[in-house]
*Asks:* 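Right, I'll just put the structure down here and ask away after.
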Amino acid sequence: DEEVRDAARRALWSLPEGAVISHLHARANDFDKNPQAAAHAARLLGKFKDIDSTGRLLKWLASDDEELREAAACALSQLGLEEPPRGLLALLDSKRPEIRAAAVSVIGNADFAGPCEEVLKLSRDTSTAVRLQVAGALGKYRGATARDALYRLSGDSNSEVRKKALWSI
């Protein structure tokens, strides 16, 4: 029943951090069967900045479910990691453009030190969604290589990518 699930979600948001995290870790495998519940769990793990959930969030970032991918990307961005986890960089090489785009989104929204070469390479990706995320991600970096990639993206064939690149310069 959707009403019961909504009430449970609201209740989880009001519980103390420790109680929520231990419950989420104990039930983690159950979430793999329910992408909607996993998305809510991802949001909570991000809210509480649970570094121990990085591996699970990376797994969810590669999900077929769009809502779960977005929630995992947001949560990973909130963890306060100083550098991209190795598993995140591996997702930049995914054959699926939506996974590459989600991974770039995390890098763009997190506070990592600088653009990684892998993201710069994706500025020439065949997927518009990936190039759009790259244009947004590179905007927070002021180095010459990021700026050069943004200039190149400002001439992209897609108007949304061009706008994002120009806004990011």
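Just so we're clear, the structure is a prediction, and the values are computed from it rather than from any experiment.
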*Asks:* Looking only at heavy atoms, what is the nearest atom pair of V130 and P97, with distance?
*Replies:* CG2-O, 3.3 Å

*Asks:* How long is the gap from CZ on F31 to CG on L68, to the nearest 0.5 Å?
*Replies:* 11.0 Å

*Asks:* Identify, with sequence neighbours excluded, every residue that meets side chain to side chain donor-acceptor pair (under 3.5 Å) alongside R152.
*Replies:* S123

*Asks:* Look up atom CG in L132 and atom CZ in R162, then write down how far apart they are to the nearest 0.5 Å.
*Replies:* 12.0 Å

*Asks:* For E83, what residues pass the side chain to side chain contact (heavy atoms under 4.5 Å, CB included) criterion, not counting sequence neighbours?
*Replies:* none

*Asks:* Nearest 0.5 Å please: distance from the CZ atom of R69 over to the CG atom of L61.
*Replies:* 8.5 Å

*Asks:* For a 4.5 angstrom cut-off between non-hydrogen side-chain atoms, does T54 reach L57?
*Replies:* no

*Asks:* What residues, two or more places apart in sequence or in another chain, satisfy side chain to side chain contact (heavy atoms under 4.5 Å, CB included) together with D30?
*Replies:* R27, K33

*Asks:* Enumerate donor-acceptor pairs with a distance under 3.5 Å from any side-chain N or O in residues 98-109 to protein atoms, sequence neighbours excluded.
*Replies:*
residue	atom	partner	partner atom	Å
E98	OE2	R96	NE	2.8
E98	OE2	R96	NH2	3.0
R100	NE	D125	OD2	2.9
R100	NH1	S94	O	2.8
R100	NH1	K95	O	3.2
R100	NH2	D125	OD1	2.9
R100	NH2	D125	OD2	3.4
S105	OG	N109	ND2	3.4
N109	ND2	S105	O	3.0

*Asks:* Just wondering, do L120 and L138 contact through their side chains at under 4.5 Å, heavy atoms?
*Replies:* yes

*Asks:* Sequence neighbours excluded, which residues qualify as side chain to side chain contact (heavy atoms under 4.5 Å, CB included) partners of K59?
*Replies:* D32, R56

*Asks:* Could you list the residues that satisfy salt bridge (Lys or Arg N to Asp or Glu O under 4.0 Å) with R131, not counting sequence neighbours?
*Replies:* D156

*Asks:* In this structure, are over 12 heavy atoms from other groups packed under 6.0 Å from E67 atom CD?
*Replies:* yes

*Asks:* Can you check whether D65 reaches W60 side chain to side chain, under 4.5 Å on heavy atoms?
*Replies:* no

*Asks:* Which heavy atom of L58 sits nearest to which heavy atom of G87, and what is that distance?
*Replies:* CD1-CA, 4.0 Å

*Asks:* To the nearest 0.5 Å, what is the distance between OG1 (T128) and CG (N158)?
*Replies:* 4.5 Å

*Asks:* Can you measure from OG (S154) to NZ (K164) and round to the nearest 0.5 angstrom?
*Replies:* 15.0 Å

*Asks:* Atom CG of L24 and atom NE2 of H40: how far apart are they, to the nearest 0.5 Å?
*Replies:* 12.0 Å

*Asks:* Is there a chain of hydrophobic side chains (I, L, V, M, F, W, Y, each step under 4.5 Å between heavy atoms) that links I21 to I51?
*Replies:* yes

*Asks:* Show the nearest heavy-atom pair for residues G46 and L79, with the distance to one decimal.
*Replies:* CA-CD2, 4.5 Å

*Asks:* Shared ILVMFWY cluster between Y151 and L153, side chains joined below 4.5 angstrom?
*Replies:* yes

*Asks:* Look at the side chain of S168 and the backbone N and O of A135, then say whether any donor-acceptor pair between them is shorter than 3.5 Å.
*Replies:* yes

*Asks:* Report the residues that fulfil side chain to side chain contact (heavy atoms under 4.5 Å, CB included) with A71, sequence neighbours left out, ordered by chain and then residue number.
*Replies:* A39, A42, R43

*Asks:* Run the side chain to side chain donor-acceptor pair (under 3.5 Å) test against E160 and tell me which residues pass, sequence neighbours left out.
*Replies:* K163

*Asks:* Within the 4.5 Å heavy-atom criterion, are C74 and Q78 side-chain neighbours or not?
*Replies:* yes

*Asks:* Test of understanding: with salt bridge (Lys or Arg N to Asp or Glu O under 4.0 Å), list the residues that count as partners of K121, not counting sequence neighbours.
*Replies:* none

